[in-house]
Number of protein chains: 2
Amino acid sequence: MRTPPKFSLSCRDCSLAELCLPRALDTEELEQLESKVKQHPVLARGALLYNLREPFHSLYVVKSGTLKTVINTASGEEQITGFFMPGEIVGFDGLDTGHTCSAVAIERTTVCGLPLAAMDDLTGAIPSLRREIFRLMSREITTDQSMLLTLARRTSEERIATFLMNLSERFRKRGFSAVQFPLAMARQDIGNYLGMAAETVSRVLTNLSDANLISVHGRVLTVLNPTSLALRVGQ
Amino acid sequence: MRTPPKFSLSCRDCSLAELCLPRALDTEELEQLESKVKQHPVLARGALLYNLREPFHSLYVVKSGTLKTVINTASGEEQITGFFMPGEIVGFDGLDTGHTCSAVAIERTTVCGLPLAAMDDLTGAIPSLRREIFRLMSREITTDQSMLLTLARRTSEERIATFLMNLSERFRKRGFSAVQFPLAMARQDIGNYLGMAAETVSRVLTNLSDANLISVHGRVLTVLNPTSLALRVGQ
DNA sequence: TTCATTCCTTGATCTAAATCAGGATTTTCG
DNA sequence: CGAAAATCCTGATTTAGATCAAGGAATGAA
């Protein structure tokens, strides 16, 4: 069996501003923001970016790799609340009373951060940045809520189809291919996130492959028939 | 059968500041905020506070009654994403590209609002208000995410127990009884929210009543054994 | 009050997906 | 590289909860 092409996505020389706040700021404001952005050491697979209950330190932008956010329950169980791909911001959960989940790298991942103090100052000084942060947080709320729609009373196939279409759309928005992208997370993690057993994830992916809607080679997913796949979402 | 006592919860003469931003603002700032808060006509049962896709107009605080937020899918199906009780803020979903859900009164409800322009000005002028809004939005993100935990791989009893404990805690925080409170929403709505059939909601409530953990009379729910009920959550 | 509507409960049946089990494949790392 | 570990796939069985069905309370309007 041929070795599947390994590929990874990254935003080289990224900055928080470039990646996440397109057109919201003018050049001077961008520079102000840039100057406050801190680089962060590379995260190995399994490394923590921040931990549950830790006080808020920074907002982070993923430059390359993938993070998952996890709620750890008392009994050691874990529930994944989100995956974060290059260009996406993670950390909004921590602004109230510290982080309510942990952020873990599921592969080698690089990020940069905007520290709290800088965020506090800049959002006061730059109205358009303030509005942009409000917008981004609002979008996170919307995203989480649409996830409720994905979980409640949906079949396993509908959940997987929704998940794949969602990934595709997010990669497209960030300038990557919407048709072929890495599926960095394990079946176990997908199942955990979507509220189903890993075995079921596997079965559904097999079914979708057999129906020629997708193909999966190693970590690389290809959408063969986006239209038909969208139908399986079945709103 | 005796008629159950009807009771409703309300925050009389409430203001956004008093209800939601305790201790964050000084007297002068409070007055600034107060002066911008707009009263809103009473909402009858079933009335819309705002509609899906409507541009953002205000943040609203519930003074009395209950609202639900609903995503309407193309096929006419609806998914409830949240319930909002007296003292809680609704509308954060609209700050990005307009409202992504509708807010509907499930009983006679009164609210007051903070218009966008006022929010924009005041969050610029008052750093502590800005931080408070960030905190409130962060909390909404956290709430939605913990809902994912409630929905994913939980039994129907665990979901209902979680839902009831959550309501109890929210009423307690707002100064109402944590032990006896109104269950304003229909079984159908609870089921929709928790991703289960209305019949199952009914069965689980019956089981919990039979086990003497709760009692339900009309719209009034009483928690008879909070400790045992908490165990049914099964983290 | 009475009637109509909506809401709630309970029972019987059916099904999607969990669980259990085993083997195959891929990845990791010394 | 090669062995160990992790991950993935597929089949058989079981079960929680959906669905179908019907009668009973509560609510609201006339």
Side-chain angles (χ1 to χ4, degrees), chain A residues 1-8 44-47 66 68 77 105-108 150-161 163 182-210 214-221 232 234, chain B residues 1-8 44-46 66 68 77 106-108 150-161 163 182-210 214-221 232 234:
Chain A
M1 169 125 297
R2 75 187 164 87
T3 305
K6 284 203 186 190
F7 74 94
S8 65
R45 185 165 186 265
T66 314
K68 64 178 175 185
E77 253 180 303
I106 61 177
E107 60 183 332
R108 187 189 150 88
T150 303
L151 287 181
R153 291 160 305 118
R154 299 270 147 222
T155 66
S156 55
E157 189 177 84
E158 286 170 338
R159 293 178 201 208
I160 293 284
F163 177 67
L183 210 59
M185 57 292 285
R187 301 285 181 275
Q188 187 64 54
D189 280 353
I190 298 175
N192 183 300
Y193 180 56
L194 296 177
M196 52 203 267
E199 292 93 326
T200 308
V201 175
S202 190
R203 274 185 254 267
V204 171
L205 288 177
T206 301
N207 291 345
L208 293 175
S209 289
D210 290 350
I214 61 171
S215 93
V216 190
H217 285 120
R219 285 276 146 87
V220 181
L221 186 129
R232 304 283 174 124
Chain B
M1 167 126 297
R2 75 187 164 86
T3 305
K6 286 201 185 189
F7 74 94
S8 65
R45 184 163 185 266
T66 314
K68 63 179 175 184
E77 253 181 302
I106 61 177
E107 60 183 332
R108 189 187 149 88
T150 303
L151 288 181
R153 292 161 304 118
R154 298 273 145 220
T155 66
S156 54
E157 189 177 83
E158 286 169 338
R159 293 177 201 209
I160 292 284
F163 177 67
L183 210 58
M185 57 291 285
R187 302 286 181 276
Q188 186 64 55
D189 280 352
I190 298 174
N192 183 299
Y193 181 56
L194 296 177
M196 53 202 267
E199 292 92 328
T200 308
V201 175
S202 189
R203 275 184 253 266
V204 172
L205 288 177
T206 301
N207 290 345
L208 293 176
S209 290
D210 289 350
I214 62 171
S215 93
V216 190
H217 285 119
R219 287 276 145 85
V220 181
L221 185 129
R232 305 283 175 122

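Numbered from 1 within each chain, the chains take letters A, B, ... in sequence-line order.
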> Can you tell me how far C1' of dT27(D) sits from CZ of R108(B), to the nearest Å?
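Rounding to the nearest Å, CZ of R108(B) and C1' of dT27(D) are 17 Å apart.
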> Whole angstroms only, please: what is the CD-P distance between E157(B) and dT15(D)?
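My rounded result for the distance is 18 Å.
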> Round to the nearest Å and state the distance from Q188(A) atom CD to dA18(C) atom P.
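For the pair Q188(A) CD and dA18(C) P, the rounded distance is 11 Å.
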> For L205(A) and dT7(D), what is the distance between atoms CG and P respectively, to the nearest whole Å?
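Distance, rounded to whole Å: 16 Å.
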> When you match M185(A) and R153(A) each to their closest nucleotide on DNA chain D, which lands nearer the 5' end?
M185(A)
> Given dT10(C), dC8(D), dA17(C), identify the nucleotide with an atom nearest to the side chain of R203(B).
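Among the listed nucleotides, the one closest to the side chain of R203(B) is dT10(C).
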> Has R187(A) got a side-chain N or O lying under 4.0 Å from the OP1 or OP2 atom of dC8(D)?
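For R187(A), the contact criterion (side-chain N or O under 4.0 Å from OP1 or OP2 of dC8(D)) is met.
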> What's the closest nucleotide to the E199(A) side chain, out of dA18(C), dT19(D), dT19(C)?
dT19(C)
> Expressed as a whole number of angstroms, how long is the span from H217(B):NE2 to dT27(D):P?
13 Å
> Does E199(B) offer a backbone N or O that forms a donor-acceptor pair with the side chain of R187(B) under 3.5 Å?
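Checked: no pair found.
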> Rounded to the nearest 0.5 Å, what separation is found between the CG atom of N192(B) and the CZ atom of R153(A)?
4.5 Å
> Is T206(A) close enough to dT10(D) that one of its side-chain N or O atoms is under 4.0 Å from OP1 or OP2 there?
yes
> Which nucleotide, dG11(C), dC7(C), dA18(C), lies nearest any side-chain atom of R45(B)?
dC7(C)
> Identify the pairs formed between an N or O of the protein and an N or O of nucleotides 22-24 of chain D at a distance under 3.5 Å, and give each distance.
none

> I want to check something: taking the side chain as every heavy atom from C-beta on, are T200(B) and I160(B) in contact at a cut-off of under 4.5 Å?
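No, their side chains stay 4.5 Å or more apart.
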> Taking only the side-chain heavy atoms of S202(B) (C-beta and beyond), determine which of dT10(D), dT7(D), dC8(C) contains the nearest atom.
dC8(C)
> OP1 or OP2 of dG17(D) sitting under 4.0 Å from any side-chain N/O of S156(B)?
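Checking dG17(D) against S156(B), a side-chain N or O does come within under 4.0 Å of OP1 or OP2.
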> State, to the nearest 10°, the angle formed by the axis through the first five base pairs of the helix from dT1(C)-dA30(D) to dG30(C)-dC1(D) and the axis through its last five.
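Axis-to-axis angle, ends of the helix: 60°.
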> Output the residues of residues 190-197 of chain B in contact with DNA chain D, where contact means a heavy atom of the residue under 4.0 Å from an atom of the strand; sort by number or write none.
G195(B), M196(B), A197(B)
> Nearest 0.5 angstrom please: R108(A) CZ to R45(A) CZ, how far?
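That separation rounds to 14.0 Å.
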> Over how many whole Å does the gap from L151(A) atom CG to dA17(C) atom P extend?
13 Å
> Does Q188(B), at its CD atom, have more than 12 non-hydrogen atoms belonging to other residues, nucleotides or ligands within less than 6.0 Å?
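It does not: Q188(B) CD has 12 such atoms or fewer within range.
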> Tell me the closest heavy-atom pair linking T66(A) and A184(A), and the distance in Å.
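In terms of heavy atoms, the two residues are closest at OG1-CB, 3.6 Å.
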> What distance separates I190(A) CD1 from L205(A) CG, expressed to the nearest 0.5 Å?
6.0 Å
> Let me confirm one number: the OH-CE distance from Y193(A) to M185(A), rounded to the nearest 0.5 Å.
9.0 Å
> Grab the CD-P distance between E107(A) and dT28(C) for me, whole Å please.
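After rounding, the reported distance stands at 10 Å.
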> Report yes if the side chains of M196(A) and R159(A) come closer than 4.5 Å at any heavy-atom pair, otherwise no.
yes
> Measure the distance from CD1 on I106(B) to C1' on dT6(C) and round it to the nearest whole Å.
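After rounding, the reported distance stands at 15 Å.
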> How close do A152(B) and G195(A) get, counting heavy atoms only, and between which atoms?
CB-CA, 3.8 Å
> Can you find a side chain N or O atom of T200(B) that sits less than 4.0 Å from OP1 or OP2 on dA18(D)?
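Yes, within the criterion.
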> Compare every heavy atom of S209(B) with every heavy atom of S215(B), then report the nearest pair and how far apart it is.
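Minimum heavy-atom contact is CA-OG, 4.2 Å.
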> Could you measure the distance from the CD atom of E157(B) to the CG atom of N207(B)? Nearest 0.5 Å is fine.
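Going from CD on E157(B) over to CG on N207(B), the span is 6.5 Å.
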